[in-house]
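Owing to the predicted nature of the structure, the values given are computational and were not obtained by experimental measurement.
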Amino acid sequence: MNFLENYEQLLKAFWYIALPVSLFFGLQTIMTFAGLSDGETDMDSDSGDTDMPFEIFTLRNLINFLLGFSWTGISFYDAVANKMILITVSVIVGLLFVAIFFFMIKQILKLSENNSFKIENTLHKTAQVYLSIPEGKTGKGKVMISVNGAFHELDAMTTSPEKIPTNSSVIVVGIENNLLIVEKN
C-alpha cells in the first residue's frame with residue numbers, strides 16, 4: 001500500500017480500516033445473494049416477538065459500523081479541520097449504518113410473518129353486522145370483522161331472543177362449526 005506513505009496517521013488508519021472491511025463486505029454481500037451465507041446466525045431468535053429479533057454484537061454489525069466509520073473519515077478528512085469532530089461524525093455515521101441495517105432486517109422479517117386467517121382469532125373481537133342476524137339461533141346473518149388488519153365477511157348467529165339489525169356492533173362470544181356466535185355490543 002505505497003499510496004498511503006505520504007498520508008497523516010489518522011487518514012492512514014481510516015484507509016487501513018476501510019480497505020479490508022470493504023473487501024469483506026463485498027464478499028459477504030456476494031455470498032448472501034448467492035445463498036452461501038448463513039443469514040440465520042445474525043437474525044434469528046427464539047425469544048418470540050420482540051422489538052429486536054437479532055443480536056446487536058455480530059460480525060455483520062461490526063462490518064457495517066466500520067464501513068460507515070472508515071469511509072466517512074476518508075470522505076470528510078480534508079473538509080473537517082478538527083479531527084475529534086471528524087472522529088465523532090464518523091462514529092455517528094457508523095452507528096447510523098448499523099441502525100439502517102436493523103431497520104432493513106426488521107422490515108424483511110415482517111415479510112415472513114404468518115398472517116393466515118384463523119377463525120379462533122375472532123373470539124372476543126368486535127364486529128359490524130352486515131346482514132341482519134335472526135333471533136335465537138333460528139338463522140344466520142353476516143358480520144364484517146377485522147383480524148390481523150384484514151376484513152372478513154363471516155356467517156354469524158346469536159343466542160339473543162331479539163334480532164340484531166344491520167350496522168349494529170356485536171362482540172364474538174363463541175364459535176361453532178365455523179360459525180360465529182355473537183351478542184349485541
When you group the ILVMFWY residues by side-chain heavy-atom contacts below 4.5 Å and let the links chain together, are [Y] and [X] in the same group?
X      : Y      : result
Leu27  : Phe25  : no
Leu96  : Val89  : no
Phe117 : Leu180 : yes
Phe24  : Leu62  : yes
Leu131 : Val129 : no

With rounding to the nearest 0.5 angstrom, report the CD1 to CD distance, Ile133 to Glu183.
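Spacing of CD1 (Ile133) from CD (Glu183) equals 11.0 Å.
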Starting at CD of Gln9, measure out to CG of Leu4 and round the result to the nearest 0.5 Å.
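Between Gln9 CD and Leu4 CG, I get 10.5 Å after rounding to 0.5 Å.
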Kindly state each residue pair satisfying side-chain hydrogen bond (donor to acceptor under 3.5 Å, both in side chains) with at least one member in residues 122-134, sequence neighbours excluded.
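Non-adjacent pairs meeting side-chain hydrogen bond (donor to acceptor under 3.5 Å, both in side chains): zero.
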By salt bridge (Lys or Arg N to Asp or Glu O under 4.0 Å) - contacts of Lys83 (at least two apart)
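Applying salt bridge (Lys or Arg N to Asp or Glu O under 4.0 Å) to Lys83 gives none.
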Only counting residues at least two apart or in another chain, list the ones meeting salt bridge (Lys or Arg N to Asp or Glu O under 4.0 Å) with Glu176.
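Salt bridge (Lys or Arg N to Asp or Glu O under 4.0 Å) list for Glu176, sorted by chain: Lys137.
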Would a 4.5 Å heavy-atom cut-off, applied to side chains only, mark Ile63 and Leu59 as touching?
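Ile63 reaches Leu59 side chain to side chain.
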Using side-chain heavy atoms (C-beta onward) and a distance below 4.5 Å, is Ile164 in contact with Val170?
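In short, these two side chains touch, coming nearer than 4.5 Å.
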Check against side chain to side chain contact (heavy atoms under 4.5 Å, CB included), Leu86 and Phe14
CA-CA 11 Å; Leu86 176 66; Phe14 281 131; 3.8 Å; yes
Shortest non-hydrogen contact between [X] and [Y], atoms and distance:
X      : Y      : value
Gly141 : Pro134 : N-CD, 4.1 Å
Val80  : Asn82  : CG1-O, 3.3 Å
Phe65  : Leu95  : CD1-N, 3.6 Å

Could you give the side-chain donor-acceptor pairs of residues 68-78 under 3.5 Å, partners two or more places apart or in another chain?
| residue | atom | partner | partner atom | Å |
| --- | --- | --- | --- | --- |
| Ser70 | OG | Leu66 | O | 2.7 |
| Ser70 | OG | Leu67 | O | 3.4 |
| Trp71 | NE1 | Ser22 | OG | 2.7 |
| Thr72 | OG1 | Gly68 | O | 2.6 |
| Ser75 | OG | Trp71 | O | 2.7 |
| Tyr77 | OH | Glu8 | OE1 | 2.5 |

Not counting sequence neighbours, list each pair that qualifies as a ring-ring contact (aromatic ring centres under 6.0 Å, His included) and has a residue in residues 158-185.
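Checked against ring-ring contact (aromatic ring centres under 6.0 Å, His included) - neighbours excluded - no pair reaches residues 158-185.
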Side-chain donor-acceptor pairs of residues 143-158 under 3.5 Å, sequence neighbours excluded:
| residue | atom | partner | partner atom | Å |
| --- | --- | --- | --- | --- |
| Asp155 | OD1 | Lys142 | NZ | 2.7 |
| Thr158 | OG1 | Ser160 | N | 3.1 |
| Thr158 | OG1 | Val182 | O | 2.9 |

Does any N or O in the side chain of Asn64 come within less than 3.5 Å of the main-chain N or O of Arg60, such that one atom is a donor and the other an acceptor?
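Side chain of Asn64 to backbone of Arg60, a donor-acceptor pair under 3.5 Å: yes, one is there.
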